[in-house]
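Comments concern the structure below.
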Amino acid sequence: MQSKAPSVLISACLLGDAVRYDGRSKGVDHPAITMWINTHCLVKICPEVSGGLPVPRLPAEIISGGDPESVRSGRIVLHSAAGQHVSEPFLRGAQAALKLAKAHGVCLAVLKEGSPSCGSGYVYNGQFDGGQVSGQGISTTVLRDAGIPVFSEHALDEALVHWQRIASHTL
């Protein structure tokens, strides 16, 4: 009997779901995603929607406490472009992503770069001016703390290599 391919958690917007703050998607066409679709191993989530935020919604950025320790302790502060405090839905969404990842035994996540939830290399600077800073989103921090590697849509080749390494030991 053949085992199921290892699961991959993926941002729903990368699969074409219109769940981003602006009501759009950021669908990605890449051989890795096609292969994961064909092997039925993708588990999709939008942490922001899972945390209770609507579509569309005002953009939000990490204002302070974007470091992993602030996320762990709940001292993270996110505001919408209108100044509304929105940290709680982001924290709830991160926990939903972790719960889903654990339930499906995911071996890695591919999340949308730049997002205050999903960014893995950079996030926006909290000034709502388009500026970026090195850092990671809330869901990325929670997943990485749980030992789940997180890649952006710009690192799909690396994610695929990681997945293939794990799959070669399970299939």
Side-chain angles (χ1 to χ4, degrees), residues 3-17 19-21 25-26 28 32-33 36-37 39-55 57 59-80 85-124 133-156 158-163 165-167 169-170:
S3 299
K4 182 186 179 303
S7 296
V8 176
L9 187 70
I10 190 164
S11 292
C13 65
L14 297 177
L15 293 177
D17 290 9
V19 294
R20 288 175 38 88
Y21 75 93
S25 70
K26 285 288 185 174
V28 174
I33 292 178
W36 292 330
I37 289 170
T39 56
H40 308 285
C41 66
L42 288 178
V43 177
K44 68 179 175 176
I45 189 169
C46 174
E48 295 172 23
V49 171
S50 294
L53 293 171
V55 177
R57 58 191 168 274
E61 295 185 7
I62 298 171
I63 303 300
S64 67
D67 59 286
E69 184 52 42
S70 293
V71 174
R72 282 185 215 102
S73 68
R75 291 190 318 263
I76 191 83
V77 177
L78 287 102
H79 285 165
S80 72
H85 188 273
V86 292
S87 302
E88 284 306 312
F90 281 82
L91 290 166
R92 281 193 307 267
Q95 290 305 313
L98 179 60
K99 183 177 180 179
L100 190 62
K102 286 181 174 181
H104 289 274
V106 305
C107 67
L108 66 93
V110 176
L111 303 178
K112 178 69 185 103
E113 188 63 270
S115 160
S117 289
C118 300
S120 58
Y122 73 86
V123 293
Y124 290 95
V133 294
S134 293
Q136 59 190 24
I138 309 312
S139 294
T140 295
T141 298
V142 168
L143 291 168
R144 284 180 172 164
D145 279 355
I148 299 168
V150 178
F151 300 86
S152 79
E153 74 276 19
H154 307 297
L156 282 165
E158 292 88 348
L160 179 59
V161 167
H162 183 83
W163 182 86
R165 216 175 301 129
I166 293 168
H169 293 100
T170 60

Q | Heavy-atom pair of closest approach, residues Ile166 and Cys107 | A | CD1-CB, 3.6 Å

Q. Which distance, rounded to the nearest 0.5 Å, do you find between the SG of Cys118 and the NZ of Lys112?
A. 9.5 Å

(Q) Could you check whether any side-chain heavy atom of Ile33 comes within less than 4.5 Å of a side-chain heavy atom of Ile10, counting everything from C-beta outward? (A) yes

Q: Please determine, by modelled atom types, if Ser87 and His85 share a side-chain donor-acceptor pair under 3.5 angstrom.
A: yes

Q: Write down the atom of Val19, the atom of Cys13, and the distance for their closest heavy-atom approach.
A: CG2-N, 3.9 Å

Q | Reported CG-to-OG distance for the pair Leu111 and Ser120, which is rounded to 0.5 angstrom | A | 7.0 Å

**Q.** Side-chain heavy-atom pair Val43, Ser7 within 4.5 angstrom cut-off
**A.** yes

**Q.** Nearest-0.5 Å distance, OG of residue Ser117 to CG of residue Leu53
**A.** 8.0 Å

Q: List the steps, then state whether side-chain contact (heavy atoms from CB on, under 4.5 Å) holds for Val8 with Val106.
A: CA-CA 5 Å; Val8 176; Val106 305; over 6 Å; no

(Q) Can you confirm whether Tyr122 sits close enough to Ser134 that some side-chain heavy atom of one is under 4.5 Å from a side-chain heavy atom of the other? (A) no

Q. Which value, rounded to the nearest 0.5 Å, describes the distance between Leu42 atom CG and Ile37 atom CD1?
A. 6.0 Å

Q) Checking side-chain contact (heavy atoms from CB on, under 4.5 Å) for the pair Lys26/Arg20: CA distance, chi angles, key distance, verdict? A) CA-CA 8 Å; Lys26 285 288 185 174; Arg20 288 175 38 88; 3.3 Å; yes

Q: For Glu153 and Val110, indicate whether the former's side chain and the latter's backbone hold a donor-acceptor pair under 3.5 Å.
A: no

Q | Heavy-atom pair with the smallest gap, counting every atom of Ile45 and Ser50 | A | CG1-OG, 3.5 Å

Q.
Check Glu48 with Arg57, please: is the shortest side-chain N to carboxylate O separation under 4.0 Å?
A. yes

Q) Under 3.5 Å, side chain of Arg92 to main-chain N/O of Gly52, donor-acceptor pair present? A) no

Q) Should Arg144 and Pro149 count as side-chain neighbours, where that means a heavy-atom distance under 4.5 Å? A) no

Q | Full working for side-chain contact (heavy atoms from CB on, under 4.5 Å) between Leu108 and Leu9 | A | CA-CA 6 Å; Leu108 66 93; Leu9 187 70; over 6 Å; no

Q: Mind checking the NZ-CD1 spacing from Lys102 to Ile148? Nearest 0.5 Å is all I need.
A: 7.5 Å

Q | Non-hydrogen atoms of Phe90 and Pro116 that approach each other most closely | A | CE2-CG, 3.6 Å

Q: Establish, from distance only, whether the side-chain atoms of Thr141 and Gln136 form a donor-acceptor pair under 3.5 Å.
A: yes

Q.
If I compare all heavy atoms of Val86 with all of Ala60, which pair ends up nearest, and what's the gap?
A. CG2-CB, 3.8 Å

Q. Please walk me through it: do Leu78 and Glu61 pass side-chain contact (heavy atoms from CB on, under 4.5 Å)?
A. CA-CA 6 Å; Leu78 287 102; Glu61 295 185 7; over 6 Å; no

Q | Minimum-distance pair of heavy atoms, taken over all atoms of Trp36 and Ala159 | A | CH2-CB, 4.0 Å

**Q.** Gap separating the CG atom of Leu100 from the OG atom of Ser139, nearest 0.5 angstrom
**A.** 11.0 Å

Q) With no hydrogens and no angle check, is any side-chain donor or acceptor of Glu113 less than 3.5 Å from a backbone partner on His154? A) no

**Q.** Side chain Thr140, main chain Gly119, donor-acceptor under 3.5 Å
**A.** yes

